[in-house]
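Take a look at the structure set out below.
Keep in mind that the numbers below use all heavy atoms, side chains included, and drop hydrogens, waters and symmetry copies. We count residues from 1, following the sequence as given.
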Amino acid sequence: TVVNGKVVNTNVVAIALRFSWPVQKSGVFLAGFAVAGTYEKDLRIAANFKLQWYTQANINDPGDAIAINRVYDAVGTQNHAENRTRLYKDGQNVASGTSLSYLGYSAPPIHLGGAFAASLRTALMAYHLYIWRRELSPEEVLWLHAEPYAFLQPVIRRRWFMPSAAEAP
């Protein structure tokens, strides 16, 4: 739920970001939401240039560093009730952990490409940012990577025609 441009916090959330990174800078904020300098649920580039999902417990991608000018799909999911958090990169689950996120706020502002401190800001090409009030399944994350706009369905208008009764001879 979005209220005045802010996401209402729930115990279950997913943040998905398709992005490319034109300038390499470590320790920066990509997308998520925060309040008063505390970063509660966000995607970041860690000091080692790898993808990170932060929910008060860092979940780090053990794979390759994020390269310049390559498009990535990053998804962080959290299910606080089931004590689970996951990080996906390009449709694949690359890290999992326990959910330790602080739940005491109600409507934190959404940040994209930076946060409070100048050191956390970065140049970012964001192709889309989605936020759900539920955890995405691994199948949904993979589908989102393969078809990022597939859920945008055109409006189908149905027309019903009733043939008029033919006059009997």
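Residues that satisfy the side-chain hydrogen bond (donor to acceptor under 3.5 Å, both in side chains) test with Q92, not counting sequence neighbours, are absent from this structure. Scored by the side chain to side chain contact (heavy atoms under 4.5 Å, CB included) test, E140 finds R134, L136, S137 as partners (sequence neighbours excluded). Residues meeting the side chain to side chain contact (heavy atoms under 4.5 Å, CB included) test with A16, sequence neighbours left out: V75, Y130, W132, L144.
Taking 4.5 Å as the limit, some side-chain heavy atom of I131 sits within range of a side-chain heavy atom of V13. A 4.5 Å side-chain heavy-atom check between L51 and V94 finds every atom pair outside the cut-off. With a 4.5 Å cut-off on side-chain heavy atoms, T98 and R84 do not count as touching. Put simply, the side chain of W53 reaches to within 4.5 Å of the side chain of I15, judged on heavy atoms.
In this structure a side-chain-to-backbone donor-acceptor pair under 3.5 Å is present from K50 to P62.
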Run I45 and W21 through side-chain contact (heavy atoms from CB on, under 4.5 Å) and show every step you take.
CA-CA 10 Å; I45 302 294; W21 200 33; 3.6 Å; yes
For L87 and D61, run side-chain contact (heavy atoms from CB on, under 4.5 Å): C-alpha distance rounded to whole Å, both residues' side-chain angles, the deciding distance at 0.1 Å, then the answer.
CA-CA 7 Å; L87 173 65; D61 176 9; 4.1 Å; yes
Begin from the C-alpha positions of R70 and D90 and carry the test salt bridge (charged side-chain N to carboxylate O under 4.0 Å, His left out) through to its verdict.
CA-CA 11 Å; R70 181 186 177 281; D90 294 335; 3.0 Å; yes
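Between the CG atom in D73 and the CG atom in L17 there is a gap of 8.5 Å [rounded to 0.5 Å]. Distance CG/L30 to CZ/R44: 9.5 Å, rounded to 0.5 Å. From I59, atom CD1 reaches atom CG of L43 across 12.0 Å, with rounding to the nearest 0.5 Å. A distance of 4.5 Å separates CZ of F29 from CG of D42, quoted to the nearest 0.5 Å. With values rounded to the nearest 0.5 angstrom, K89 atom NZ is found 6.0 Å from Y72 atom OH. One finds the CG atom of D64 at 14.0 Å from the CZ atom of F49 (value rounded to the nearest 0.5 Å).
Contact detail for P22 and N69: the closest heavy-atom pair is CA-OD1, 3.5 Å.
Linking Ile, Leu, Val, Met, Phe, Trp and Tyr whenever their side-chain heavy atoms come within less than 4.5 Å leaves I68 and I66 in two separate clusters.
Under the 3.5 Å distance criterion, with hydrogens and angles disregarded, a donor-acceptor pair is assigned to the side chains of Y127 and S20.
Stacking of R86 on the aromatic ring of Y88 is not recorded, the 6.0 Å distance cut-off and the 45° axial limit not both being met.
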